[in-house]
> 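Structure below; questions to follow.
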There are 2 protein chains.
Amino acid sequence: MSEKKEDLLHMAETLFDNHGFHSIGLKKIVSESGVALMTLYNHFASKDELAAEVLKRREERYMEHLTFFDTYLEENGEYPDSPFVRIAIAHAHWLTDNSYQGCLFLRAKEEYASKPDHPIVELANGHKRKLREFVQNSDLRRSPKEALRLCLLIEGATALAETEDPDTAARELVAIAESLFAKTQISAV
Amino acid sequence: MSEKKEDLLHMAETLFDNHGFHSIGLKKIVSESGVALMTLYNHFASKDELAAEVLKRREERYMEHLTFFDTYLEENGEYPDSPFVRIAIAHAHWLTDNSYQGCLFLRAKEEYASKPDHPIVELANGHKRKLREFVQNSDLRRSPKEALRLCLLIEGATALAETEDPDTAARELVAIAESLFAKTQISAV
DNA sequence: CAATAGATAGAACGATCAATCTATTTATAC
DNA sequence: GTATAAATAGATTGATCGTTCTATCTATTG
């Protein structure tokens with residue numbers, strides 16, 4: 001991939017994170033990237049396609065983070081039995097390692113809500129669905145409801161990190177997850 | 001308060017909920033309200049002041065909902081011992097009774113993040129602080145960390161209601177809160 | 001050197017934005 | 001009935017938006 005395109009995607013992700021999709025203009029993105037406006041249009045058909053690619057890359061990075069974090073936990077000694085707890089820890093590190101302002105997918109869904117069939121809305125919905133399936137498939141002994149509860153905790157920690165210290169939000173996420181899912185006993189609810 | 005002003009505040013809240021603050025124009029607000037543009041400017045100095053009043057009214061309504069929901073629970077037989085569980089139930093009903101798209105205060109904070117001292121950002125931060133204090137003061141036997149955990153659950157349910165059925169999000173919020181806080185025993189963590 | 005492709009700056013387009021002004025109409029109060 | 005205030009429609013201002021176009025410049029390749 002072109003270096004300019006990489007720069008654009010990286011800067012667009014940062015600006016979308018900090019200001020939202022509709023609030024940030026293309027001129028801001030290209031000026032901050034040190035790239036000409038026409039270069040942006042040579043790589044992306046429109047602003048929406050740029051936003052869509054930003055979201056796709058974010059999703060790839062996030063899912064890789066969740067997947068590869070198990071190996072990190074193994075190498076560093078701490079390896080909780082419960083896959084749900086390990087996912088919670090992985091998400092906690094995602095929150096502390098990045099300085100995001102809430103979930104970019106939820107923001108995208110909100111900002112494009114007036115067009116429910118827009119590809120960006122489907123990307124956002126797809127991401128949440130994939131995350132729920134990832135959680136569910138990580139521990140088949142757990143019920144779909146329990147998977148949904150871990151998703152609730154993950155969303156809650158991401159939101160709490162906006163108004164509280166991200167480290168605090170991350171710590172409480174893990175604490176709750178351990179309290180709910182650490183025990184070998186699987187609740188039948 | 002003027003009827004036109006009420007109409008404007010109500011319509012603005014709905015449109016801000018569904019489309020965000022920066023995405024919705026004043027002309028949309030006045031046309032949907034059946035009110036002239038100048039009437040809006042007779043009641044509000046600017047778009048930002050309108051948004052600020054919308055948030056103030058939302059906060060009042062939400063805190064009243066939390067406060068008065070205890071009496072509703074009493075009258076309808078079900079009255080859990082734990083104040084934390086009662087707050088979770090109250091928030092669950094808030095989610096199912098309204099068709100909001102995420103937390104309007106978090107959205108405001110995100111959209112105005114480029115101006116950290118903006119009154120709207122301070123309104124959003126103030127609301128989250130008040131909610132945390134409300135939770136903390138509802139049960140002084142609980143630790144600040146436990147109060148923060150209920151806040152995390154509340155945020156999580158609000159976020160989950162965006163991609164899942166709000167009824168589902170509300171039900172799982174109550175289920176987790178009961179699992180964590182229903183027992184008389186207070187954890188010392 | 002010549003040719004091709006990619007990147008550049010800058011202007012221009014139509015549209016929309018928040019905000020202001022004017023002039024007219026409607027409703028309330030004395 | 002008259003005076004006062006509120007609400008109305010519509011035009012306007014200056015700014016910004018996404019998008020397109022042109023014309024110049026730079027780098028690589030043959």
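Below, chain A is the first sequence line, B the second, and so on; all start at residue 1.
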> Does a side-chain heavy-atom distance below 4.5 Å link A:L8 with A:F44?
yes

> Residues of residues 104-113 of chain B with any non-hydrogen atom less than 4.0 angstrom from an atom of DNA chain D: list those, numerically ordered, please.
none

> Which of residues 12-23 of chain B sit near DNA chain D, with a heavy atom under 4.0 Å from it?
none

> Going through the distances and angles, do A:H118 and A:D48 end up as a side chain to side chain donor-acceptor pair (under 3.5 Å)?
CA-CA 9 Å; A:H118 196 287; A:D48 284 5; 2.8 Å; yes

> Hydrophobic clusters here meaning ILVMFWY residues chained together by side-chain heavy-atom distances under 4.5 Å, can you tell me if B:Y72 and B:M63 are in one?
yes

> Within residues 35-49 of chain B, find the residues that approach DNA chain C with a heavy atom at under 4.0 Å, and present them sorted by residue number.
B:L37, B:M38, B:Y41, B:S46, B:K47

> To the nearest angstrom, how far is B:E3 atom CD from C:dA27 atom P?
12 Å

> Looking at A:P80, is its backbone amide N or carbonyl O close enough to the side chain of A:R86 to form a donor-acceptor pair, meaning the two atoms are under 3.5 Å apart?
yes

> Between A:E59 and A:K130, does at least one N-O distance fall below 4.0 Å, as a salt bridge requires?
yes

> Counting side-chain heavy atoms from C-beta on, which of C:dA7, D:dG18, C:dA19 comes nearest to B:K27?
C:dA19

> Testing B:E110, B:K128, B:E162 for side-chain contact (heavy atoms from CB on, under 4.5 Å) with B:C103, which one passes?
B:K128

> Looking across every strand, which nucleic acid part, if any, lies under 4.0 Å from B:I29 by heavy atom: base, sugar-phosphate, or nothing?
nothing

> Between the main-chain N or O of B:L9 and the side-chain N or O of B:E53, is there a donor-acceptor pair closer than 3.5 Å?
no

> Measure from the ring center of A:F69 to the ring center of A:W94 and say whether it is less than 6.0 Å.
no

> Looking across every strand, which nucleic acid part, if any, lies under 4.0 Å from B:L50 by heavy atom: base, sugar-phosphate, or nothing?
nothing

> Does any non-hydrogen side-chain atom of B:F84 lie less than 4.5 Å from one of B:L153?
no

> What's the CD1-C1' distance between A:I24 and D:dG18, to the nearest Å?
14 Å

> Any donor-acceptor pair under 3.5 Å linking the side chain of B:Q136 with the backbone of B:R142?
yes

> Ring of A:F16, cation from A:R58 - is the NZ or CZ under 6.0 Å from the centre and inside 45° of the axis?
no

> Measure the distance from NZ on B:K4 to C1' on D:dA9 and round it to the nearest whole Å.
13 Å

